[in-house]
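Lettering of chains follows the sequences in order, A, B, ..., and the numbering in each one begins at 1. From a predicted model like this one, the values you see are computed outputs, not experimental measurements. Computed from heavy atoms alone, side chains included, the values below leave out hydrogens, waters and symmetry copies.
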Amino acid sequence: MSRRLLSRPADQIAPRLLGSVLTVVCEDSPVSVRITEVEAYGGVGEDPGSHAFRGRTPRNATMFGPPGLLYVYFTYGMHWCANVVTGPEGKAGAVLLRAGEVIEGVDLARERRTSAKSDRDLARGPARLTKALGLDGSADGVDLFGDDTTTFRLAPRPIAPAIVSSRTGVGGAGAQTPWRFALDDPTVSPYRPAARA
DNA sequence: TCGCTGATCATCT
DNA sequence: GATGATCAGCGAA
């Protein structure tokens with residue numbers, strides 16, 4: 001994965017992130033997650049479901065930055081969600097990390113996710129994934145290809161998506177675009193509206 | 001396993 | 001003042 005590769009629309013990047021491994025190191029303790037489910041979000045006026053739909057605001061400013069940034073936002077009063085910023089700088093786009101499998105630092109992930117009934121639940125869901133990795137608002141805007149690659153790392157491990165679906169509620173040209181991609185994996189979050197590819 | 005509900009607050013209208 | 005890219009806990013089947 002490179003910054004140049006990420007400089008394309010989110011719906012093109014999303015499937016290529018499947019299988020990639022995101023590592024976050026906190027106090028010398030790494031937690032790595034193999035990404036199993038993602039969702040693409042478009043730019044201004046493109047995708048009504050996207051934070052960027054109505055233009056740039058202080059919150060979504062990171063989405064307008066260079067590809068390869070981490071966009072972390074707070075929602076529902078209690079949850080953090082993480083995205084990888086895509087598209088050329090200045091044109092908003094992001095890929096939401098919806099689910100993953102913890103493949104390194106399982107013990108630490110368990111400590112952070114005490115409510116998880118089994119290891120497969122550690123990062124099964126967008127907010128669970130950020131919690132397992134120890135991500136919060138302080139990680140917003142972090143550059144995955146910047147100087148601090150010892151703390152944040154994205155390693156490519158391309159796997160073809162097994163499940164592809166278009167998001168409902170997206171009209172116009174967007175209705176033709178597949179936005180959601182997943183592997184056929186037990187850690188994929190329960191909601192599967194998809195026709196299988 | 002499914003469906004419902006409460007929690008809780010930053011952001012935008 | 002309403003809403004949301006959600007989760008966990010509960011009861012029912």
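- Spacing between atom CZ of A/Phe74 and atom C1' of B/dT11 amounts to 12 Å, rounded to whole angstrom units.
- Taking atom CD on A/Glu46 and atom P on C/dA5, their separation rounds to 17 Å, with Å as the unit.
- Side-chain atoms of A/Thr187 and A/Leu122, non-hydrogen and from C-beta on, never get closer than 4.5 Å to each other.
- Not one side-chain nitrogen or oxygen of A/Arg54 sits closer than 4.0 Å to the OP1 or OP2 atom of B/dT11.
- Among C/dC7, B/dC12, C/dG4, the nucleotide with an atom closest to any side-chain atom of A/Pro58 is B/dC12.
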>> Both atom distances under 3.5 Å, Watson-Crick or G-U wobble: I'd like the secondary structure of DNA chain B as a dot-bracket string, with | for pairs made across strands.
In response: |||||||.||||.
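- Between A/Arg113 and C/dA8 there is a side-chain N or O to OP1 or OP2 distance below 4.0 Å.
- Taking only side-chain nitrogens and oxygens, A/Ser115 comes nearer than 4.0 Å to OP1 or OP2 of C/dA8.
- Spacing between atom CZ of A/Arg59 and atom P of C/dG4 amounts to 11 Å, rounded to whole angstrom units.
- When the nucleotides B/dC12, C/dC7, C/dA5 are ranked by their closest atom to the side chain of A/Asn83, C/dA5 comes out on top.
- Within the 4.5 Å cutoff, no side-chain heavy atoms of A/Asp136 are placed close to those of A/Lys131.
- Across the protein-nucleic acid pair, A/Tyr71 atom OH and C/dA5 atom C1' stand 9 Å apart, rounded to whole Å.
- No salt bridge links A/Glu104 with A/Arg34; every basic N to acidic carboxylate O contact stays at or beyond 4.0 Å.
- Judged by centroid separation below 5.5 Å and plane tilt below 30°, A/Tyr76 stacks onto the base of C/dG4.
- Distance, A/Leu96 CG to C/dT6 P: 8 Å, rounded to whole Å.
- Spacing between atom CH2 of A/Trp80 and atom P of B/dT8 amounts to 16 Å, rounded to whole angstrom units.
- Between A/Trp80 and A/Phe74, the angle of the ring planes lies from 30° to 60°, which puts this pair in the tilted group.
- Close to B/dT11, at under 4.0 Å from its OP1 or OP2, lies no side-chain N or O of A/Thr57.
- Between A/Asp185 and A/Arg120 no salt bridge is recorded (no basic side-chain N to carboxylate O distance below 4.0 Å).
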>> Using the rule given for salt bridge (Lys or Arg N to Asp or Glu O under 4.0 Å), can you reason through A/Arg124 versus A/Glu101, listing the C-alpha separation, both sets of side-chain angles and the distance that settles it, and then say yes or no?
In response: CA-CA 8 Å; A/Arg124 193 189 203 206; A/Glu101 173 193 8; over 6 Å; no
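- If you check distances only, the side chain of A/Tyr73 never reaches the base of B/dA10 with a donor-acceptor pair under 3.5 Å.
- Summarising the geometry, the separation between CE on A/Met63 and P on B/dT11 is reported as 15 Å, rounded to the nearest angstrom.
- Put simply, NE2 on A/His79 is 11 Å from P on B/dT8, counting in whole angstrom units.
- Proximity note for A/Met78 (side chain, C-beta onward) versus B/dA7, B/dT11, C/dC7: the nearest is B/dA7.
- Using a 4.5 Å heavy-atom cutoff, the side chains of A/Leu6 and A/Phe145 are in contact.
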